[in-house]
There are 2 protein chains.
Amino acid sequence: MPRTPRQPRAKATVNAIVEAGFLSLSEHGVQGTTTRHIADLAGVSVGSLYEYFANKEEVFEAMHHHMVAEVVAMVEPMTPALVRMEIRDLIKELLFGFRDLLEKNQGRYLRYMSYAAYFAPRNHMEPIQRLLMNLLLQYVIHHPQLARLGNLPAMGYIMINGGVFTVLRYLSEPNPTIGFEELVKGLGDMVAHFVEGELRKED
Amino acid sequence: MPRTPRQPRAKATVNAIVEAGFLSLSEHGVQGTTTRHIADLAGVSVGSLYEYFANKEEVFEAMHHHMVAEVVAMVEPMTPALVRMEIRDLIKELLFGFRDLLEKNQGRYLRYMSYAAYFAPRNHMEPIQRLLMNLLLQYVIHHPQLARLGNLPAMGYIMINGGVFTVLRYLSEPNPTIGFEELVKGLGDMVAHFVEGELRKED
DNA sequence: CGGGAATCCGAATTGAATCCGAACAAACAG
DNA sequence: CTGTTTGTTCGGATTCAATTCGGATTCCCG
């Protein structure tokens, strides 16, 4: 049963372990990331690690929460500005921000993401999906003509998942055949044309 | 150094091991899939497993090849018919076929796919991506008006990755909020409107 | 048949994950 | 201050899965 850290010293320990988790993942990949490794990098002993984490997986879960929290911290302040933009600009802003976040710290979040399906198999992207679905709703509220669009949940699902996963996959690619700008422009065009097309169909 | 099976008996062993890999993955997930487990399910000893596979990961790679081969075997015969269809019908045909394939055998391929990022981090989808890119090219050849479209590689990248990953993610979802038909229709609309919009822009 | 190659086996080895009890540090009451 | 309680850290002991290895068994060709 893992303990919750009370004293600041312990909180520092927990934090160091999570940091070390990202470091080790970047350096050695999943296979090479052992508890001893993490503990060494964190400057504590394995025993200490198991004081606060029931098992190795929980360390990865904590890393996951860090990442999600940062994404939320990025998107939420942007939201008021985003909902007033043209759709193409919104997508551009969002995806560039997303890329920068993922590549921060030698791509620690990106690296983590490519293994996330293993560590957090169930719904690991759900909070982010909800965040973006909320952004979409806010956007529709600020652009009432969009309310005429048909199946908003399905549209949102496709745009969010298609967009997020395509960008993730793109950024993980060792030598991509297209540029990130092209990708972002293409995604923007795709969504913009789709919206126009659907609105035209309504008439 | 793994040996290549020569006698039919050995080929059966190799096959049983790969089959057992899928079974074990379905039953016990990644964590629960041990070499002993696979060997037991295959009705052979661990030692035999290591005769033909250098390590556990190679078993997963063999499973991967099985899956990719089946996808190719599904798409290639469909191609001549697909390239003559309306874009929406093509997408519908392709995605329903894809779903059926993934859900065959109690979803063994789907189950495998959700862990694939871990086992085959580098380029594990590349053959499928190439297959679909080729389909796209053939399609453009049969619909010459599409040749006026702008950045085909980027478009293809987005449609293929966005489509494949969205469907994969959707099928892995325990209780999806939208129906598969809606998803397929939405993807079809998205692509169709995009094509129309781009063609209109060219004028 | 007889012998060498191919196949199969499962106990032994190895190394990582996890547990645990003792040692050390902080907080705090009297 | 000082004894006690509670929180924290440590690293060796244990457990379990991956992989190895030497020998037993089966196949197949001459």
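Naming convention: chains lettered A, B, ... in sequence-line order (proteins, then strands); numbering from 1 in each chain. Only a predicted model underlies this, so the values are computations on that prediction, with no experimental measurement involved.
- With rounding to whole Å, Glu57(B) atom CD is found 13 Å from dA18(D) atom P.
- With hydrogens and angles ignored, the 3.5 Å screen pairs a side-chain donor or acceptor of Tyr170(B) with a backbone N or O of Ile178(B).
- For the pair Tyr50(B) OH and dC21(D) P, the interatomic distance rounds to 13 Å; values are reported in whole Å.
- What separates CG of Asp40(B) from C1' of dA18(D) is a distance of 14 Å, to the nearest Å.
- Spacing between atom CG of Leu49(A) and atom P of dC10(D) amounts to 11 Å, rounded to whole angstrom units.
- When heavy atoms are screened at a 4.0 angstrom cut-off, Thr35(A) is found touching base atoms of the nucleic acid.
- The distance between atom CD1 of Ile38(B) and atom C1' of dT19(D), rounded to the nearest whole Å, is 13 Å.
- Taking atom CD on Gln31(B) and atom P on dT15(D), their separation rounds to 21 Å, with Å as the unit.
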| request: Please step through salt bridge (Lys or Arg N to Asp or Glu O under 4.0 Å) for the pair Glu198(A) and Lys201(A), ending with a clear verdict. | output: CA-CA 5 Å; Glu198(A) 285 290 308; Lys201(A) 201 168 69 179; 3.2 Å; yes

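- With Lys104(A) contributing its side chain and Tyr109(A) its backbone, the two residues share no donor-acceptor pair below 3.5 Å.
- A salt bridge links Glu19(B) with Arg108(B): at least one charged nitrogen is closer than 4.0 Å to a carboxylate oxygen.
- Residues satisfying the salt bridge (Lys or Arg N to Asp or Glu O under 4.0 Å) test with Lys92(B), not counting sequence neighbours, are none.
- As a whole-Å value, the separation of Asn55(A) CG from dA17(C) C1' is 9 Å.
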| note | Protein-proximity profile, nucleotides 5-10 of chain C, B/S/- by nucleotide at the 4.0 Å heavy-atom cutoff, equals -SBBBB

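- Remark: the backbone N or O of Ser24(A) is not paired with any side-chain donor or acceptor of His37(A) at under 3.5 angstrom.
- Rounded to whole angstrom, the span from the CD atom of Glu58(B) across to the P atom of dT19(D) amounts to 10 Å.
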